[in-house]
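Below is one structure, written out as structure tokens, with a few remarks after it.
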There are 2 protein chains.
Amino acid sequence: MAENRSSDTRERILDAAERLFMAHGYEGTSMRQITGEAGVNLAAVNYHFGSKESLMQEVFRRRLDWLNDERLRVLDAMEKEAAGKPLKPSQIVDAFFGTLLRMADDEEHGGKIFLRLLGRTLTEPSEFIRTFLAHEYAYVMERFKEALFRSLPDVPKAEIVWRFHFMLGATSYAIAGTDALRLVTDWQIEDSEPEDRADRLLPRLMSFLLGGLRAPLPGGDHQSKTEAA
Amino acid sequence: MAENRSSDTRERILDAAERLFMAHGYEGTSMRQITGEAGVNLAAVNYHFGSKESLMQEVFRRRLDWLNDERLRVLDAMEKEAAGKPLKPSQIVDAFFGTLLRMADDEEHGGKIFLRLLGRTLTEPSEFIRTFLAHEYAYVMERFKEALFRSLPDVPKAEIVWRFHFMLGATSYAIAGTDALRLVTDWQIEDSEPEDRADRLLPRLMSFLLGGLRAPLPGGDHQSKTEAA
DNA sequence: CTATGATTCAAACAAACGTATGAATCACGT
DNA sequence: ACGTGATTCATACGTTTGTTTGAATCATAG
């Protein structure tokens with residue numbers, strides 16, 4: 001079986017699709033753009049992946065499998081070392097979001113391009129994408145939710161889930177890097193090279209996330225800490 | 001001039017486009033879907049708005065003009081009452097994000113549909129949309145950034161801009177309401193009616209945002225509070 | 001060297017896209 | 001009642017979309 005050229009074509013397509021989906025979105029990217037940038041024949045996508053939808057899924061699977069395995073690896077190591085005791089919230093947040101952001105410097109596993117694609121895709125309207133992501137993430141989310149529940153036994157579980165949502169949103173928008181509202185002005189000029197964006201981003205996002213996660217609960221009158229874990 | 005039917009058609013188109021852009025995105029929504037759902041002729045969009053891009057801009061302008069005027073109105077009132085003294089961070093955050101979230105119950109100005117559309121659009125790849133949003137938001141962002149700078153004189157301006165980004169992301173994802181990772185499980189069943197999602201969301205998001213905004217600065221060694229406002 | 005299965009290729013498919021056209025219909029001042 | 005400008009309508013235009021086809025080319029095993 002001649003898998004030399006084959007897998008080469010497959011990866012060229014995946015790389016081009018990853019970059020174009022990030023830049024123009026799923027619906028905004030055509031098969032001809034993808035095959036054109038990858039330098040392969042138009043029919044190659046349908047031959048190797050079956051359809052545009054399957055290609056999109058493979059673009060994510062290629063990166064997410066590694067990312068979520070790594071997240072679980074870090075979490076498992078932490079829990080093993082804790083020996084039954086609950087982890088600190090900062091540990092859990094770092095295992096989930098820190099592992100994600102450290103992908104930015106890991107060109108081997110997609111680097112910044114995949115991070116931006118992932119950030120934009122979390123608000124993607126297409127139903128099949130969200131369904132696919134939910135399936136890919138199901139087990140990881142369950143594990144990290146459980147870890148957070150144990151880590152914050154005085155906080156109602158529903159409240160933790162809400163804040164996990166907020167943390168996801170802040171991170172997703174940060175790595176999408178669109179700056180839709182042109183928030184930056186001249187203060188960013190001091191950035192010599194954009195390469196270290198992730199280096200600067202990681203500690204800043206982390207303290208923001210932890211500040212939000214550990215913020216006092218809203219409305220002290222009702223919905224108090226009665227429903228502890 | 002017969003503007004009865006005319007403005008009726010215009011608004012029907014805007015309503016349908018708003019809902020469909022929210023559900024399927026800009027590229028994923030066709031003119032025929034829009035005119036079909038609006039119950040108007042296919043050519044009506046190009047007659048009243050000129051093009052699909054102009055329609056998209058009008059969908060946002062219709063709501064954003066009101067929202068940003070309201071934000072400035074609240075901020076102006078607060079600053080007038082403060083009589084020169086800096087505002088509290090919670091006031092500024094509420095004027096910006098609270099005003100936004102309170103739109104959810106205001107069907108007159110788009111309600112939840114527009115909120116979800118706005119949340120998803122902030123990570124939209126299309127360049128012309130982000131450029132348009134940046135222009136629509138330019139003055140409001142400047143005013144609120146200035147207010148935050150004065151409110152937190154000990155925090156470096158760059159740090160405040162970062163955290164404004166994070167707050168935008170958390171809010172944008174929360175109002176998009178996609179739940180791409182299916183974070184909710186059975187705990188949401190207790191929600192009798194989905195109507196009060198915004199009622200529950202507002203205080204929760206607010207305390208998360210304030211917790212993040214006021215979190216201790218990252219890395220105490222370098223990048224300390226030297227550059228105060 | 002030849003046979004075989006995997007891969008690439010140019011070309012075409014029907015369908016859907018955003019937009020434009022000109023006639024028909026409407027509302028309304030005179 | 002008539003004329004005028006605004007609006008609606010059915011229809012078509014030229015592209016572009018994702019996908020398919022069948023022949024050409026490749027690598028490799030016998």
Side-chain angles (χ1 to χ4, degrees), chain A residues 1-60 62 121 124-129 131-132, chain B residues 1-60 62 121 124-129 131-132:
Chain A
M1 20 187 141
E3 278 193 334
N4 297 350
R5 298 285 303 278
S6 159
S7 59
D8 210 61
T9 299
R10 272 183 63 98
E11 294 240 339
R12 295 256 295 278
I13 292 174
L14 288 172
D15 288 342
E18 184 173 68
R19 201 193 69 78
L20 288 168
F21 285 154
M22 179 272 285
H24 309 117
Y26 175 74
E27 311 264 12
T29 303
S30 73
M31 303 284 255
R32 285 163 180 83
Q33 285 178 271
I34 297 172
T35 54
E37 173 146 332
V40 302
N41 188 268
L42 169 61
V45 171
N46 287 281
Y47 175 78
H48 284 283
F49 300 95
S51 68
K52 190 185 177 185
E53 285 201 4
S54 301
L55 169 61
M56 178 69 154
Q57 293 183 6
E58 198 55 35
V59 166
F60 277 93
R62 177 172 67 146
T121 307
E124 177 91 17
S126 302
E127 181 58 30
F128 89 95
I129 298 179
T131 300
F132 168 75
Chain B
M1 16 184 146
E3 278 193 334
N4 297 351
R5 299 286 302 276
S6 159
S7 59
D8 211 62
T9 298
R10 273 183 63 98
E11 295 240 338
R12 294 257 293 279
I13 292 174
L14 288 172
D15 289 342
E18 184 174 68
R19 201 193 69 79
L20 288 168
F21 286 154
M22 178 273 285
H24 309 116
Y26 174 75
E27 312 263 12
T29 302
S30 74
M31 302 285 258
R32 286 164 179 82
Q33 284 179 272
I34 296 172
T35 54
E37 174 147 332
V40 303
N41 189 269
L42 169 61
V45 171
N46 288 282
Y47 175 78
H48 285 284
F49 300 97
S51 68
K52 191 185 177 185
E53 286 202 2
S54 301
L55 169 62
M56 178 70 153
Q57 294 183 6
E58 198 55 35
V59 165
F60 277 94
R62 178 172 68 146
T121 307
E124 176 91 18
S126 302
E127 181 59 31
F128 91 93
I129 298 178
T131 300
F132 169 75

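Computation of the quantities below employed the complete heavy-atom set of this structure, encompassing side-chain atoms and omitting hydrogens, waters and symmetry-equivalent molecules. In what follows, chains carry the letters A, B, and so on, assigned in the order in which the sequence lines appear, proteins first and then strands, with residues in each chain numbered from 1.
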Task: Which residues share a salt bridge (charged side-chain N to carboxylate O under 4.0 Å, His left out) with A:Glu18, sequence neighbours left out - done: A:Arg62, A:Arg63

TODO: Give the angle between the helix axes at the two ends of the helix from C:dC1-D:dG30 to C:dA27-D:dT4, taking five base pairs at each end and rounding to 10°.
DONE: 0°

Task: Taking every non-hydrogen atom, the tightest pair across B:Ile34 and B:Ala16 - done: O-CB, 3.7 Å

Open item on the list: My understanding is that only residues two or more places apart in sequence, or in another chain, count here; which of them pass side-chain hydrogen bond (donor to acceptor under 3.5 Å, both in side chains) with A:Glu58?
Closed with: A:Arg61

TODO: Please report, rounded to the nearest Å, how far the P atom of D:dT17 is from the CD atom of B:Glu27.
DONE: 10 Å

TODO: Identify whether any heavy atom of B:Thr29 sits under 4.0 Å from a base atom; if not, whether one sits that close to sugar-phosphate; answer base, sugar-phosphate or nothing.
DONE: sugar-phosphate

Task: Presence of B:Thr9 side-chain N/O under 4.0 Å of D:dT8 phosphate oxygens OP1/OP2 - done: yes

TODO: Just jot down the ring pair (Phe, Tyr, Trp, His ring centres under 6.0 Å) partners of A:Tyr47, sequence neighbours excluded, or say none.
DONE: none

- [ ] Grab the two heavy atoms, one from A:Ala17 and one from A:Leu55, that are nearest each other, plus how far apart they are.
- [x] CB-CD2, 4.0 Å

- [ ] Whole angstrom is fine here: how far is it from OH in B:Tyr26 over to P in C:dC17?
- [x] 13 Å

Open item on the list: Without decimals, in angstroms, what is the distance between A:Leu55 CG and D:dG18 P?
Closed with: 11 Å

TODO: Please collect all salt bridge (Lys or Arg N to Asp or Glu O under 4.0 Å) contacts where either partner lies in residues 20-35 of chain B, sequence neighbours excluded, each pair once.
DONE: none

Task: Length of the line joining A:Ile13:CD1 and C:dC9:C1', which is rounded to integer Å - done: 13 Å

Task: Nearest-angstrom distance from the residue atom CD1 of A:Ile34 to P of D:dT17 - done: 11 Å

- [ ] Check ring pair (Phe, Tyr, Trp, His ring centres under 6.0 Å) between A:Tyr26 and all other residues, then give those that pass, not counting sequence neighbours.
- [x] A:Phe21, A:Phe128

TODO: Report yes if a side-chain nitrogen or oxygen of B:His48 is closer than 4.0 Å to either non-bridging phosphate oxygen (OP1 or OP2) of D:dA6; otherwise report no.
DONE: no

Between the protein and nucleotides 19-25 of chain C, which nitrogen or oxygen pairs are less than 3.5 angstrom apart?
{"unit_1": "C:dT19", "atom_1": "OP2", "unit_2": "B:Lys52", "atom_2": "N", "d": "3.1"}

Task: B:Ser30 side chain near C:dC17 phosphate (N/O to OP1/OP2, under 4.0 Å) - done: yes

Task: Listed partners of A:Phe60 passing ring pair (Phe, Tyr, Trp, His ring centres under 6.0 Å), at least two apart - done: A:Phe114

Task: Listed partners of B:Arg19 passing side-chain hydrogen bond (donor to acceptor under 3.5 Å, both in side chains), at least two apart - done: B:Glu37

